[in-house]
Amino acid sequence: MLARSVHDAAWALLVQFVRFKAAKAGADVVLVDPRGTSQTCPACVTIKVKTLREPLHRCSCGCTLDRDVAAAQIVHQRAFSSGRDIGRQDTSQRVAA
Ligand SMILES: [Zn+2]
């Protein structure tokens, strides 16, 4: 239980630091739900489960990307979409993007 509270405090501190630096730079910080970002196809938004050993995101819709690029695109879509369902809808667990 202590580890969890330390973990939560570390994320909260990171978000605080990022918000501080962003404010100084005149930028905004957008928080997104990180769950499923590496498992969601950025092109068709379906869940494509893969292991950490799979370096590529290959979806049946034809989308093939580096898995990190695909995850980054999902984070971007979640941060800047306007109501479109990008995988998960629960935003109760948010982290800085
Ligand atoms: Zn797809």
Side-chain angles (χ1 to χ4, degrees):
M1 292 302 144
L2 179 61
R4 182 183 172 110
S5 63
V6 169
H7 181 263
D8 290 345
W11 275 115
L13 190 58
L14 175 63
V15 170
Q16 186 178 356
F17 286 153
V18 170
R19 282 194 165 136
F20 174 78
K21 295 299 274 185
K24 287 191 80 161
D28 293 328
V29 174
V30 179
L31 302 179
V32 301
D33 183 352
R35 291 175 290 173
T37 52
S38 63
Q39 307 293 321
T40 306
C41 177
C44 68
V45 199
T46 59
I47 302 298
K48 173 69 174 94
V49 178
K50 50 191 160 296
T51 67
L52 289 174
R53 291 180 175 250
E54 297 176 67
L56 289 179
H57 167 82
R58 287 190 183 121
C59 182
S60 59
C61 74
C63 178
T64 301
L65 293 167
D66 178 278
R67 68 177 291 142
D68 294 335
V69 171
Q73 288 182 359
I74 290 296
V75 170
H76 184 271
Q77 289 175 15
R78 287 182 183 179
F80 299 106
S81 69
S82 56
R84 184 175 159 221
D85 179 19
I86 310 294
R88 307 237 183 215
Q89 293 184 348
D90 180 8
T91 55
S92 61
Q93 299 286 324
R94 295 174 171 216
V95 298

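Indexing begins at 1, ligand by ligand and atom by atom, following the structure's order.
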**Note, D66 side chain near P55 side chain (heavy atom, < 4.5 Å)** =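 They are not in contact (no side-chain heavy atoms under 4.5 Å apart), so the answer is no.
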**Request:** State whether the number of non-hydrogen atoms from other residues, nucleotides or ligands found under 6.0 Å of R58 atom CZ is greater than 12.
**Result:**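 No.
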**Under-2.8 Å protein N/O/S neighbours of the Zn ion (ligand 1), ordered by chain then residue number** = C41 SG, C44 SG, C59 SG, C61 SG
Closest approach of [X] and [Y], non-hydrogen atoms and distance?
X	Y	result
L65	Q73	CD1-OE1, 3.4 Å
Q77	P42	NE2-O, 2.9 Å
K50	S38	NZ-O, 2.7 Å

**L31-W11 co-clustered via ILVMFWY side chain contacts under 4.5 Å** = yes
